[in-house]
Protein chains: 2
Amino acid sequence: MNIGHAAAASGVSAKMIRYYESIGLIPRTVRTEAGYRVYSDQDVHTLRFIRRARDLGFSVEQIADLVSLWRDRERASKDVKAIALDHVSVLERKIRELQEMASTLKHLAENCSGDSRPHCPILEELASEEPLPVHGKADARFSALRGA
Amino acid sequence: MNIGHAAAASGVSAKMIRYYESIGLIPRTVRTEAGYRVYSDQDVHTLRFIRRARDLGFSVEQIADLVSLWRDRERASKDVKAIALDHVSVLERKIRELQEMASTLKHLAENCSGDSRPHCPILEELASEEPLPVHGKADARFSALRGA
DNA sequence: CTTGACCTTCCCATGATTGGAAGGATTACA
DNA sequence: TGTAATCCTTCCAATCATGGGAAGGTCAAG
């Protein structure tokens, strides 16, 4: 199977397959005489594993660890769980940051008439010397959900 | 005021001030005979505006638009509001994506014993051929909140 | 006058991904 | 068999906002 086929079968682009090879996430493949990379079904399986991990937002570095644990039949599940929960806490921190931004902006936009007049609380807030108003975590969380 | 002072006063690093100048977000400043950049209080005010917009996650391109609207006394507030709400919807889309990742991972981790045994539903899920289980938007949202 | 703290420009790195150019290989079809 | 289309290869560049650092000039305090 050539790289294009492996890409289609795994959902990882040919570009990314070459990149993953270049950084050592996947090993160098067998080549044809002409230099074409050749992939097995097992390789495609690994690529799919990688893609699913990417879809869950894991970094390439974390994926390398996950792949290595996946291959290790003696692994301890706590090592996998630790990576996963570590990533969850990073995701949750990012979520909270974005929710605070969204909530602040929504509050400002709600108070902006949004017509042809120049008066605008959004710009006033950006131009203000006061700290940005944060509407509290719980507040931000639920107001961010309200319109989602 | 030199760039270091302007950086401290605005919260924008000297590196970023030079970068913003290089991409045209802020105009080239007056220089001393020795070539040092000189900043006024007004410049610092603009830098602070930029920093606050960055803190709300606006892109440099959007900030350029916001700064230009800020300077325009004839602006229509709807133009500002449009940028803000556009950004809110981008933020909310990202939030939902991250929430789905976090929720999926938490479900998987909850079913992982996390001990020294090798059995691990997280790896099994990544290695599976089935589509990643998405726990539904509402489900994902509230389960993401539960532990946050 | 020296020392340390600033400033300047320039280049490089990040992370994951995409785009493209130049050139060789393979395949399909007339 | 010729040829055109579609693959493949490597290499370089760009994204986005930011930081690190080198080499060298400037300024202020002692």
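Chain naming here is simple, since letters A, B, ... match the order of the sequence lines and numbering starts at 1 in each. As a basis for the values below, the full set of heavy atoms in this structure was taken, side chains included, without hydrogen atoms, waters or symmetry mates.
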Item checked: side-chain N/O B:Arg18 vs C:dT8 OP1/OP2, d < 4.0 Å -> yes
Check: Between atom CD1 in B:Ile3 and atom P in C:dC7, what is the gap in whole Å?
Finding: 7 Å
Check: Is the shortest heavy-atom distance from the side chain of B:Ile3 to the side chain of B:Thr29 under 4.5 Å?
Finding: no
Item checked: Value in whole Å for how far the C1' atom of D:dT18 lies from CD of B:Glu21 -> 17 Å
Notebook entry, point to check: C:dT9, C:dT17, C:dT18: which one has an atom nearest the side-chain heavy atoms of A:Tyr20?
Noted result: C:dT17
Check: Given that A:His5 and B:Glu61 both sit by DNA chain D, which one's nearest nucleotide is further toward the 5' end?
Finding: A:His5
Notebook entry, point to check: Nearest to the side chain of A:Met16, which nucleotide is it out of D:dG19, C:dA16, C:dT8?
Noted result: C:dA16
Item checked: Atom pair distance, as rounded to whole Å: OH in A:Tyr19 and P in D:dC11 -> 16 Å
Check: Taking only residues two or more places apart in sequence, or in another chain, which ones meet B:Asp72 in a side chain to side chain contact (heavy atoms under 4.5 Å, CB included)?
Finding: B:Glu74, B:Arg75
Next item on the list: Please figure out whether B:Lys15 or B:Phe58 has its closest DNA chain D nucleotide nearer the 5' end.
Entry: B:Phe58
Next item on the list: Give a yes/no on whether any side-chain N or O of B:Ser13 is located under 4.0 angstrom from OP1 or OP2 of D:dG19.
Entry: yes
Notebook entry, point to check: Rounded to whole angstrom units, what separation is found between the CE atom of A:Met1 and the P atom of C:dT26?
Noted result: 18 Å
Tabulated below should be each protein N or O lying under 3.5 Å from an N or O of nucleotides 26-29 of chain D; please produce it.
from, atom 1, to, atom 2, distance (Å)
D:dT26, O4', B:Tyr36, OH, 3.3

Checklist line | Geometric class of the A:Phe49/A:Trp70 ring pair [parallel <30°, tilted 30-60°, perpendicular >60°] | finding: parallel
Notebook entry, point to check: Can you check whether B:Cys120's main-chain N or O pairs, donor with acceptor, with A:Ser77's side chain at less than 3.5 Å?
Noted result: no
Next item on the list: Tell me whether the OP1 or OP2 atom of C:dT17 has a side-chain N or O from A:Arg54 closer than 4.0 Å.
Entry: yes
Margin query: D:dT10, OP1 or OP2 - any side-chain N/O from A:Arg37 closer than 4.0 Å?
Written below: yes
Check: Is there a side chain to side chain donor-acceptor pair (under 3.5 Å) between B:Asp43 and B:Ser40 once you walk through the steps?
Finding: CA-CA 5 Å; B:Asp43 294 330; B:Ser40 66; 3.2 Å; yes
Note to self: From OH of A:Tyr39 over to P of D:dC7, roughly how many Å is that when rounded to an integer?
What the structure shows: 16 Å
Next item on the list: Please determine, for the side chain of B:Asn2, which listed nucleotide (C:dT18, C:dA16, C:dC6) has the closest atom?
Entry: C:dC6
Next item on the list: Enter the distance from A:His87:NE2 to A:Glu92:CD here, rounded to the nearest 0.5 Å.
Entry: 10.5 Å
Next item on the list: Provide, to the nearest angstrom, the distance between the CD1 atom belonging to B:Ile17 and the C1' atom belonging to C:dT8.
Entry: 14 Å
Next item on the list: Just do the salt bridge (Lys or Arg N to Asp or Glu O under 4.0 Å) check on A:Glu97 and A:Arg93 with the steps written out, would you?
Entry: CA-CA 6 Å; A:Glu97 287 172 7; A:Arg93 189 172 44 71; 3.1 Å; yes
